[in-house]
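When a residue number appears, it is its place in the shown sequence, counting from 1.
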Amino acid sequence: VALAREAVHNAFDDALIANFRTRVAANAEARSLWEANKAEADRLLTVPTSKISLNPRGTNETLEPLILAWRMTDDKRYEQKIYEILSALCDRPSWETDLPLTKRDPVWHSDLGMGMYGQDFGRASSALRDVMTHAPRRKLVDGYVRGVVAPVRADWQITPELSLMLRYG
């Protein structure tokens, strides 16, 4: 089921994009910022996905210009690059960023870097959700669950009871 294009997104929703387009048209500083962002997004299009850093402290700097360019222009090249980056992250055997944690007793399977990945991944996949078909969406969901959700649940042993306690106090 396709969602309405005007649905709220985790980042760069339709209202914010419309507001920014108005500001870009009327304000030289906003136009300059947009042009710099688009130039970075265009540069990223030329970088092979295999050469793009998937470091959790760098994914936002990579994904954000592409997301904004996609939402501002609807240019499918940005959409495709975002998907390629997310797909590459899903293909990683682990999303762990702090390997010493794997040597702890008991072993930890999750770390703060995973949270950064999760946040950036959520924003990027939200930007694409209206245009993805079932198979690509399923790949991203499965990768996210395997990469972030399952390790966090394993570390914190989140039972239904703990889940309710965390939610409602």
Nearest-0.5 Å distance, [atom1] of residue [X] to [atom2] of residue [Y]:
X	Y	atom1	atom2	answer
Tyr144	Leu89	OH	CG	11.0 Å
Ile82	Ser87	CD1	OG	13.5 Å
Thr73	Arg21	OG1	CZ	8.0 Å
Ile85	Phe121	CD1	CZ	11.5 Å
Trp70	Lys76	CH2	NZ	4.0 Å
Thr46	Lys51	OG1	NZ	13.0 Å

Side chain of Asn37, backbone of Pro65: donor and acceptor closer than 3.5 Å? yes
NZ/NE/NH1/NH2 to OD/OE distance under 4.0 Å, Arg43 and Glu40: yes
Check: Does a side-chain N-to-carboxylate-O contact under 4.0 Å join Arg138 and Asp142?
Finding: yes
Exercise: identify the closest heavy-atom pair between [X] and [Y]:
X	Y	value
Arg129	Arg137	O-NH2, 2.7 Å
Ala69	Ala41	CB-CB, 3.6 Å
Leu44	Ile52	O-CD1, 4.3 Å
Lys139	Cys90	O-SG, 3.8 Å

The side-chain contact (heavy atoms from CB on, under 4.5 Å) partner of Leu66 among Arg71, Glu84, Lys81 is Lys81
Is any side-chain heavy atom of [X] less than 4.5 Å from a side-chain heavy atom of [Y]?
X	Y	answer
Asp42	Leu45	yes
Leu63	Leu86	yes
Lys38	Tyr78	yes
Leu140	Met132	yes

Heavy-atom count check: over 12 atoms from other residues, nucleotides or ligands less than 6.0 Å from Arg23 CZ? no
Determine, step by step, whether Leu68 and Ile17 satisfy the side chain to side chain contact (heavy atoms under 4.5 Å, CB included) criterion, reporting the C-alpha distance in whole Å, the side-chain angles of both residues, the deciding distance to 0.1 Å, and the verdict. CA-CA 8 Å; Leu68 182 59; Ile17 291 297; 3.8 Å; yes
